[in-house]
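Convention: sequence-line order gives letters A, B, ...; per-chain numbering from 1.
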2 protein chains.
Amino acid sequence: MLTHSKSAKSDGPLTEALAHSGLRLTPQRQQVHEVLREKMDHPTADQVFMRAKHKMPEISMATVYNCLDALVTCGLVRQVTLDRGATRYCPNMQDHSHFYCDECGSVYDILQTISPEDADIKLPRGFRLKNIETNLHGLCPDCAAKAK
Amino acid sequence: MLTHSKSAKSDGPLTEALAHSGLRLTPQRQQVHEVLREKMDHPTADQVFMRAKHKMPEISMATVYNCLDALVTCGLVRQVTLDRGATRYCPNMQDHSHFYCDECGSVYDILQTISPEDADIKLPRGFRLKNIETNLHGLCPDCAAKAK
DNA sequence: ATTGTATTTAGAATAGTTCTAAATCTTGAC
DNA sequence: GTCAAGATTTAGAACTATTCTAAATACAAT
Ligand SMILES: [Mn+2]
Ligand SMILES: [Mn+2]
Ligand SMILES: [Zn+2]
Ligand SMILES: [Zn+2]
């Protein structure tokens, strides 16, 4: 089993990003981040928990939530809320939007966004716009094929 | 107290929209819709419940959820999910987007949207785009003033 | 009036998330 | 190295939002 210090050294960028927010790199945080990068299907906390348990059977649900929060706090992970259900998590920090399949609920990264300038949004006096979140709704390739 | 048939007659459009989905206009459904139109601040189910109780003290939480679902089903109300918290409801069926104040959580209608053509979104092969949901994030006038 | 269906209701059940407090780990001062 | 302070993990309780269940009520059609 990897020691904390060894595994920490092997992931400099993570260590730094966490340190910037006054947080440490721990095996659990590293594992959670790894799980997210391995399969970028925008899993829920519960899915992250189940995947993380394979390599780290002792990990708890509370820790998964703590780690996800820590990673979000230090800007390594984005939260994605698209429907009533559980929050999903995305380790892709490039500016991108999400395609949500209304049929099966799957989520895909779309490497294209609408910038506040592009959109030419006219807001009533006093509002201060920070960023635009664009969610594309429709059918994923699988569901589109089945719908035919 | 108004009888069912009398109140139903006074709201033709509601009756029709519901009938189109095989649903009836009931005093509860009418009340819930009225609450939403009275203050279009995108209340949660719980807020709708509390407001509806003033004029209809017997109404139950389950009924509020049932009514909201019925109104959504027949296209009279939109669901709005912007954060981890409770779903919000919007009776404005014009095409519009939402401004979400990241500070205080208030939600405003913005009568401007980004059409699939405008956006010129290039999706990978197979995806079928139905509509674009645009959520504007930033500070509302009150919070922007305080932040200065 | 009677019957079948839709709706409402209270409360139980469930899902997702956050909180709590104890145990463990890490870091830094000595 | 030892020790203390603080950070992190953990299990489980608590909490919030939502859905489900089953009985009561209301309605519409015969
Ligand atoms: Mn993503
Ligand atoms: Mn709205
Ligand atoms: Zn799909
Ligand atoms: Zn605000």
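By the 6.0 Å contact criterion, CD on B/Glu103 is open, its count of non-hydrogen atoms from other residues, nucleotides or ligands being 12 or less.
Using a 4.5 Å heavy-atom threshold, the side chains of B/Asp41 and B/Val107 count as separate.
The side chain of B/Ser60 has C/dT9 as its nearest neighbour among C/dT9, C/dT7, C/dT17. Side-chain atoms of B/Ala86 lie closest to D/dA17 of the nucleotides D/dT10, C/dG16, D/dA17. Distance from the side chain of A/Cys67 is smallest to D/dT9 among D/dT9, D/dA11, D/dT18. For B/Ala62, taking side-chain heavy atoms from C-beta onward, the closest of the listed nucleotides C/dC19, C/dG11, D/dT8 is C/dG11. Closest to the side chain of B/Leu23, from the set C/dT7, D/dT8, D/dA17, is C/dT7. Distance from the side chain of A/Tyr65 is smallest to C/dT18 among C/dT18, D/dT9, D/dT8. For B/Arg24, counting side-chain heavy atoms from C-beta on, the closest listed nucleotide (C/dT7, D/dT10, C/dA10) is C/dT7.
Using a 4.0 Å cut-off between charged nitrogen and carboxylate oxygen, A/Arg78 and A/Asp95 do not count as a salt-bridge pair. Between A/Arg29 and A/Asp11, no side-chain nitrogen of the basic residue sits less than 4.0 Å from a carboxylate oxygen of the acidic one, so the salt-bridge criterion is not met. Of the charged side-chain nitrogens involved, at least one lies within less than 4.0 Å of a carboxylate oxygen, so that B/Arg84 and A/Asp69 count as a salt-bridged pair.
Whole-Å rounding puts the A/Glu58 CD to C/dA23 P distance at 17 Å. Atom-to-atom, CG of B/Asp69 to P of C/dA6 comes out at 17 Å; the value is rounded to the nearest Å. We find that CG of A/Leu71 is positioned 10 Å from P of D/dT9, with the value rounded to whole Å. As rounded to whole Å, 12 Å separates atom C1' of C/dT20 from atom CG of A/Asn66. As rounded to whole Å, 11 Å separates atom P of C/dT8 from atom CG of B/Leu68. Rounded to whole Å, the distance from CG on A/Leu25 to C1' on D/dA7 is 14 Å. Atom CD of A/Gln30 and atom P of C/dC25 are 17 Å apart (whole Å). The interatomic distance linking B/Gln28 (CD) with D/dC27 (C1') rounds to 13 Å, in whole Å.
Residues from residues 35-53 of chain A that place a heavy atom under 4.0 Å from any atom of DNA chain D: there are none.
A residue-by-residue look at B/Met61 and B/Arg29 shows that B/Arg29 has its nearest nucleotide of DNA chain C further toward the 5' end.
Using a distance-only test at 3.5 Å, with no hydrogens or angles considered, no donor-acceptor pair links the side chain of B/Gln28 to the main chain of B/Ile59. In terms of modelled atom types and a separation under 3.5 Å, the side chain of B/Gln112 and the main chain of A/Lys122 share a donor-acceptor contact. Side-chain atoms of A/Glu38 never come within 3.5 Å of backbone atoms of A/Val35 as a donor-acceptor pair (strictly under, hydrogens ignored).
Put simply, B/Arg84 has a side-chain N or O that comes within less than 4.0 Å of OP1 or OP2 on C/dT18. Contact annotation: A/Thr26 does not reach the phosphate of D/dA7 (side-chain N/O to OP1 or OP2, under 4.0 Å).
A/His137 and B/Asn131 share no side-chain donor-acceptor pair at under 3.5 Å. For the residue pair A/His96 / A/Asp109, a side-chain donor-acceptor distance below 3.5 Å is found, with atom types taken as modelled.
Rotation axes derived from the C1' atoms of the five outermost pairs at either end of the helix from C/dA1-D/dT30 to C/dC30-D/dG1 lie 20° apart, to the nearest 10°.
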